[in-house]
Amino acid sequence: VQLQASGGGSVQAGGSLRLSCAVSGLTSNYYGIGWFRQAPGKEREGVSYISGAGSVTYYVDSVKGRFTISRDNAKNTVYLQMNSLKPEDTAVYYCAAARTYSARHYRTEERDYRYWGQGTQVTVSS
């Protein structure tokens with residue numbers, strides 16, 4: 001299983017970016033995908049999760065209403081649309097995959113995520 005994150009960059013506050021996570025090697029849709037981020041000097045945190053079928057999602061409070069996670073299973077790609085970006089969103093963003101009980105579930109514990117992509121840097125300036 002491989003995950004490839006892309007789409008990071010530098011934007012001003014209030015701007016938008018769309019991150020993509022290309023997934024290969026998964027043999028079923030019983031895998032939830034999560035986006036995590038790690039800011040300098042801080043622990044990695046879960047930002048958003050999506051179920052295998054794409055029907056159930058979760059957002060951490062700090063990004064609710066600004067970020068949207070989605071997945072296109074035909075393209076084996078998960079997206080994170082980030083709008084109204086703030087300087088505190090600056091971090092390295094990672095996507096990861098976790099086995100679930102069904103296509104309608106996602107995992108919320110980082111330790112459940114077995115497969116990780118490389119990070120993509122997001123920098124938001126004020």
Side-chain angles (χ1 to χ4, degrees):
V1 178
Q2 290 187 327
L3 294 90
Q4 179 82 25
S6 62
S10 297
V11 296
Q12 291 191 327
S16 298
L17 285 172
R18 187 175 81 158
L19 305 183
S20 297
C21 178
V23 184
S24 61
L26 294 181
T27 56
S28 79
N29 61 354
Y30 282 25
Y31 277 90
I33 302 294
W35 281 100
F36 297 79
R37 67 184 179 186
Q38 187 166 23
K42 295 187 177 180
E43 291 188 354
R44 189 160 57 190
E45 65 167 343
V47 175
S48 182
Y49 313 114
I50 189 166
S51 61
S55 56
V56 185
T57 59
Y58 167 89
Y59 301 93
V60 68
D61 285 346
S62 59
V63 307
K64 280 182 181 177
R66 301 188 298 121
F67 290 12
T68 302
I69 191 171
S70 62
R71 67 190 293 167
D72 184 339
N73 285 338
K75 295 182 178 179
N76 296 318
T77 303
V78 176
Y79 304 98
L80 186 67
Q81 178 67 44
M82 306 186 297
N83 298 328
S84 302
L85 283 162
K86 303 176 180 180
E88 49 265 43
D89 294 318
T90 294
V92 178
Y93 284 71
Y94 301 88
C95 59
R99 178 82 177 176
T100 59
Y101 296 110
S102 80
R104 297 189 304 275
H105 289 85
Y106 53 76
R107 297 282 188 177
T108 59
E109 295 292 331
E110 184 174 327
R111 63 174 179 265
D112 292 327
Y113 284 81
R114 179 177 179 183
Y115 305 105
W116 290 80
Q118 89 298 352
T120 184
Q121 176 70 47
V122 172
T123 303
V124 185
S125 58
S126 57

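Side-chain N or O atoms of T90 include one that pairs as donor or acceptor with a backbone N or O of V124 at under 3.5 Å. Judged by distance alone, the side chain of Y79 and the main-chain N or O of T68 form no donor-acceptor pair under 3.5 Å. Listed for the N73 side chain is a donor-acceptor partner under 3.5 Å among the backbone atoms of G52.
Here the side chains of R107 and T100 are in contact, with some heavy-atom distance below 4.5 Å. A 4.5 Å side-chain heavy-atom check between R99 and S28 finds at least one atom pair inside the cut-off. The side-chain heavy atoms of M82 and R66, taken from C-beta on, include no pair separated by under 4.5 Å. Residues Y106 and I33 fail the side-chain proximity criterion, which asks for heavy atoms closer than 4.5 Å.
Minimum interatomic distance between L85 and L17 (heavy atoms only, all atoms of both residues): CD1-N, 3.9 Å. Of all the heavy atoms in F36 and A96, the pair that sits closest is CE1-CB, 4.0 Å. Pairing each heavy atom of S16 with each of S84, the nearest pair is OG-N, 4.3 Å. Scanning both residues, A39 and A91, for their nearest heavy atoms gives N-CB, 3.7 Å. In plain terms, the two heavy atoms of Q38 and K42 that are nearest each other are NE2-O, 3.1 Å.
Distance check, rounded to the nearest 0.5 Å: OG of S55 to CD1 of I50 gives 8.0 Å. Here T77 contributes atom OG1 and Q4 contributes atom CD; the two are 11.0 Å apart, rounded to the nearest 0.5 Å. Atom CG in L3 sits 7.0 Å away from atom CG in L26 (nearest 0.5 Å). We find the OG-CG distance between S102 and N29 to be 8.5 Å, quoted to the nearest 0.5 Å. Atom OH of residue Y93 and atom OG of residue S48 lie 11.0 Å apart, to the nearest 0.5 angstrom. Here the CZ atom belonging to R37 is positioned 13.5 Å from the CZ atom belonging to R44, to the nearest 0.5 angstrom.
Residue Q12 places its CD atom among 12 or fewer non-hydrogen atoms of other residues, nucleotides or ligands, all under 6.0 Å distant. Within 6.0 Å of the CD atom in E88, the count of heavy atoms belonging to other residues, nucleotides or ligands exceeds 12.
Ring pair Y31/Y115 is tilted by interplanar angle, where 30° to 60° counts as tilted. Aromatic ring pairs are classed by plane angle as parallel below 30°, tilted from 30° to 60° and perpendicular above 60°; the pair Y58 and Y49 is parallel.
Using modelled atom types and a 3.5 Å distance limit, the side chains of T123 and Q121 yield a donor-acceptor pair.
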Practice item. Any chance you could lay out the salt bridge (Lys or Arg N to Asp or Glu O under 4.0 Å) test for K64 and D61, step after step, and finish with the verdict? Key: CA-CA 5 Å; K64 280 182 181 177; D61 285 346; 3.1 Å; yes

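With respect to R71, the side-chain contact (heavy atoms from CB on, under 4.5 Å) criterion is satisfied by exactly one of T57, V78, N76: V78.
Note: W35 and F67 fail the aromatic proximity criterion, with ring centroids not under 6.0 Å apart.
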